[in-house]
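Presented below is the structure to which this report refers.
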Amino acid sequence: MSNTNWQKSSYCASNDECVEVRTANGLVELRESDTDGIIVRTTPTKFATFLQGAKAGEFDHHANSTA
């Protein structure tokens, strides 16, 4: 799989604080646009499982934390 450009989330705020994703060397890479030096890498299968959990609300309880 060849490298691709970063793609911003469709939920991106107008101030460019976004989650970005791309594929590179067979992996999926994620980063926040305002801290582009930190990249999380995972397999396409694990990323798909994460997205399914997020869509199902599996992580919603984290949004209500006071941390």
Side-chain angles (χ1 to χ4, degrees):
M1 184 178 302
S2 62
N3 290 351
T4 59
N5 294 328
W6 290 103
Q7 180 179 354
K8 290 185 180 185
S9 166
S10 60
Y11 292 97
C12 181
S14 61
N15 59 2
D16 288 334
E17 293 180 6
C18 308
V19 172
E20 299 175 321
V21 64
R22 73 176 179 185
T23 57
N25 302 315
L27 296 175
V28 176
E29 297 185 335
L30 297 127
R31 71 178 184 182
E32 291 187 46
S33 59
D34 60 340
T35 55
D36 61 2
I38 300 171
I39 298 173
V40 176
R41 292 177 183 90
T42 190
T43 66
T45 301
K46 288 181 180 180
F47 184 60
T49 301
F50 167 75
L51 289 178
Q52 289 170 348
K55 289 178 182 180
E58 185 176 332
F59 311 109
D60 288 355
H61 63 282
H62 294 292
N64 297 325
S65 69
T66 58

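Using a 4.5 Å cut-off between side-chain heavy atoms of Ile, Leu, Val, Met, Phe, Trp and Tyr, with links allowed through other members, Phe47 and Phe59 fall into the same hydrophobic cluster.
The line from CD of Glu58 to NE2 of His61 is 8.5 Å long, rounded to the nearest 0.5 Å.
For the residue pair Gly26 and Pro44, the shortest heavy atom distance occurs at O-CD, 3.5 Å. Here the closest non-hydrogen pair linking Leu30 and Val19 is CD2-CG1, 4.2 Å. When all heavy atoms of Arg31 and Ile39 are compared, the closest pair comes out as CB-CG1, 4.3 Å.
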